[in-house]
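Given the structure is predicted, the values throughout are model-derived calculations rather than measurements.
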Amino acid sequence: MTRAAGRPERRGHRRPNGRPEQRPEGGPEQRPVERRRGRLRRTLLAGLVAAAVVLPVSAAASPDVPAPAPAAVAEGAALPDRYGANRANLAEAAAMAREAGRTGRAAKLEAMGAAGTARFLAFDGRGRGRAVEVLGDLESADRIAVLVPGSDTTLDTYQRFRAGALALQQRLLAGHPRSAVVAWLGYDTPGTVSPTVLSADRADAAAAELGPFLDRLGRTAAPGARLSLLCHSYGSVVCARTATGPAVTDMALFGSPGTGAGSASELPTGARVWAGRGRADWIGRVPHVRLGGLGFGTDPVDPAFGARPFTAGPGGHSDYLKPGTASLDSLARIVLGTTPAVPTAPEVPHA
C-alpha cells in the first residue's frame with residue numbers, strides 16, 4: 001500500500017488491525033498532566049505498600065507496655081493537685097514497665113518525671129501514650145504557646161519533642177518573662193510510614209480533643225492571655241481542623257504536608273495563620289495534592305494558600321525548634337506578638 005503524497009509516515013501509532021491509534025481528546029498538552037497523575041498514583045501506592053510491610057513488623061516488635069489507667073482528676077482541680085496526680089500516675093507507669101522487663105520504656109518514663117518536678121496536665125502511659133506537659137507558670141503567663149507534634153511522636157520519642165518545647169520556652173522567656181509552653185501530645189500520632197499518615201482520620205479525632213482543651217486552657221491562664229498554636233508536620237493537619245475560640249490569636253504551620261483546605265480562609269479559626277518551611281525540609285518534595293481521600297492539597301507556604309509567611313532558615317524537617325535557628329526565632333516572635341522575619345523569596349512548592 002502506498003502512502004498519500006506529501007504525508008509523512010508515522011511509526012508506532014497503528015493498532016494491530018492497521019487502523020491509526022486514536023489520540024486522547026484534548027491534544028498533546030494534556031499528556032504531561034496525565035503522566036504527573038500517574039506518577040502521583042504510583043507514589044501513593046508505593047507508600048501504602050511499604051506501610052503494609054513495615055507496620056506488622058513494627059507492631060510485633062513493640063507490644064503494649066503495661067500501664068495504669070490515667071489518674072482521675074476532677075475538672076475543677078487546682079493545678080498543683082492535677083500536676084501531683086499525674087506525676088504519681090507517671091511514676092506508677094514507670095514501675096510497671098520496669099517490672100515487666102521493659103527497661104527502655106521505664107527509663108524514658110522516669111526521665112519524663114524530671115525527679116518529681118514535671119507539670120503534666122494529662123498523662124496516659126498505655127500503648128503509644130499521651131502526655132500534656134506545661135513548661136513555665138501557666139497561671140501567670142499571658143503568652144502561651146501550644147505545640148502540636150507530628151507523626152511518630154510517642155512516649156518513647158517524647159524527650160525529643162520536649163527538647164523543642166524547652167528551647168522555645170527559653171527563647172520566649174528571654175523576651176517576655178510571663179510566657180509558658182504547653183507540649184500537647186494529646187492524640188495518637190500516625191507513623192511516618194503508614195497508611196494513616198496519608199489521611200485526615202487521626203487529625204479529625206485529635207481536633208475533637210484539642211478544641212475543648214484550648215477552651216479550658218484559656219480559662220486556666222491569666223486573664224487576657226494570648227494563645228498560639230504551633231503545629232509541626234502532621235500536627236498542622238490537626239490544627240487546621242480545630243475550631244478555636246478568640247483566645248487563640250495565631251496559628252503557625254511548619255513542615256506541613258498540607259491541611260486539606262484550599263486556603264487559610266477555609267480553616268475554622270479567626271486566628272492569624274502563618275506558614276514556613278526550612279529550605280532542607282524533605283516535606284517540600286512531597287506532592288501537595290489530594291486524591292481519593294489521600295493527601296492534603298495546597299501547600300501552606302504557597303502564596304495561593306494565603307497564610308502569612310515567616311522565615312524558617314536552612315534547616316530540615318526536625319530542626320524548627322533547635323536553639324539558635326531562624327525558625328525558632330520566628331515562632332517565638334509569633335507567640336510574643338512581634339513581627340517575624342519574612343522570606344526574601346516565596347517558598348513555592350517544589351516541582
Side-chain angles (χ1 to χ4, degrees), residues 143 145-153 160-172 174-176 179 181 183-184 189 192 197 203 227-240 248-261 263-264 267 269 271-288 296-351:
R143 297 291 185 274
V146 179
L147 284 181
V148 180
S151 59
D152 283 327
T153 307
R160 183 178 60 195
F161 176 46
R162 189 182 190 277
L166 183 59
L168 177 63
Q169 186 213 15
Q170 292 172 341
R171 171 61 182 82
L172 292 174
H176 188 79
S179 301
V181 175
W184 191 82
T189 64
T192 299
V197 82
L227 306 183
S228 297
L229 271 176
L230 307 186
C231 318
H232 178 234
S233 193
Y234 189 87
S236 66
V237 187
V238 174
C239 292
V248 178
T249 60
D250 294 271
M251 178 186 295
L253 314 174
F254 51 103
S256 176
T259 64
S263 67
L267 306 186
T269 182
R272 291 182 291 266
V273 179
W274 304 79
R277 184 171 65 224
R279 291 192 293 276
D281 190 343
W282 58 263
I283 204 77
R285 297 189 293 274
V286 172
H288 288 273
F296 302 108
T298 308
D299 189 340
V301 302
D302 189 328
F305 186 75
R308 302 174 184 225
F310 68 84
T311 294
H317 194 65
S318 300
D319 299 334
Y320 290 95
L321 296 173
K322 288 187 175 179
T325 57
S327 51
L328 179 64
D329 185 71
S330 291
L331 292 168
R333 288 175 177 272
I334 290 171
V335 175
L336 297 177
T338 57
T339 304
V342 176
T344 55
E347 293 181 317
V348 297
H350 290 251

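Note: Leu328 CG to Arg171 CZ = 7.0 Å, rounded to the nearest 0.5 Å. Separation of atoms CZ (Arg333) and OG (Ser228) is listed at 14.5 Å; rounding is to 0.5 Å. In this structure, the separation between CD on Gln169 and CZ on Arg162 is 8.5 Å, given to the nearest 0.5 Å. Note that CG of Leu229 and CG of Asp250 are 9.5 Å apart. Values are rounded to the nearest 0.5 Å. Distance check, rounded to the nearest 0.5 Å: SG of Cys231 to CG of Leu331 gives 10.0 Å.
Put simply, the side chain of Ser327 never gets that close to the backbone of Gly313: no donor and acceptor are under 3.5 Å apart. Remark: side-chain polar atoms of Thr189 are paired, donor with acceptor, to backbone N or O of Thr153 under 3.5 angstrom. In this structure a side-chain-to-backbone donor-acceptor pair under 3.5 Å is present from Thr311 to Val342. Asp319 contributes a side-chain N or O that, together with a main-chain N or O of Gly316, makes up a donor-acceptor pair within less than 3.5 Å. Between the side chain of Ser330 and the main chain of Pro340, no donor-acceptor pair closer than 3.5 Å is present.
When all heavy atoms of Phe305 and Asp299 are compared, the pair lying nearest together is CB-O, 3.6 Å. For Ala252 against Phe310, the heavy-atom pair with the smallest separation is CB-CE2, 4.4 Å. Pairing each heavy atom of Leu172 with each of Ala145, the nearest pair is CD1-CB, 4.4 Å. For the pair Ala167 and Pro323, the tightest heavy-atom approach, listed with the atom from each and the gap, is CB-CG, 4.0 Å. Nearest heavy-atom pair, Thr259 versus Ala240, reported as atom, atom and distance to 0.1 Å: CB-CB, 3.4 Å. The heavy-atom pair separating Arg277 from Ile283 by the smallest distance is CD-CG2, 3.5 Å.
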Practice prompt. I would like to know whether Leu336 and Ser179 meet side-chain contact (heavy atoms from CB on, under 4.5 Å); could you show each step before the answer?
Written response: CA-CA 8 Å; Leu336 297 177; Ser179 301; 3.9 Å; yes
Worksheet entry | side-chain contact (heavy atoms from CB on, under 4.5 Å) between Leu321 and Leu147, worked out | CA-CA 10 Å; Leu321 296 173; Leu147 284 181; 3.8 Å; yes
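Residues Val273 and Leu253 form a side-chain contact, since some pair of their non-hydrogen atoms from C-beta on lies under 4.5 Å apart. Side-chain contact between Tyr320 and Asp281: present, with at least one pair of heavy atoms (C-beta onward) separated by less than 4.5 Å. Using a 4.5 Å heavy-atom cutoff, the side chains of Leu168 and Leu230 are in contact.
By the 30° and 60° cut-offs, the orientation of the rings of His232 relative to His317 is tilted.
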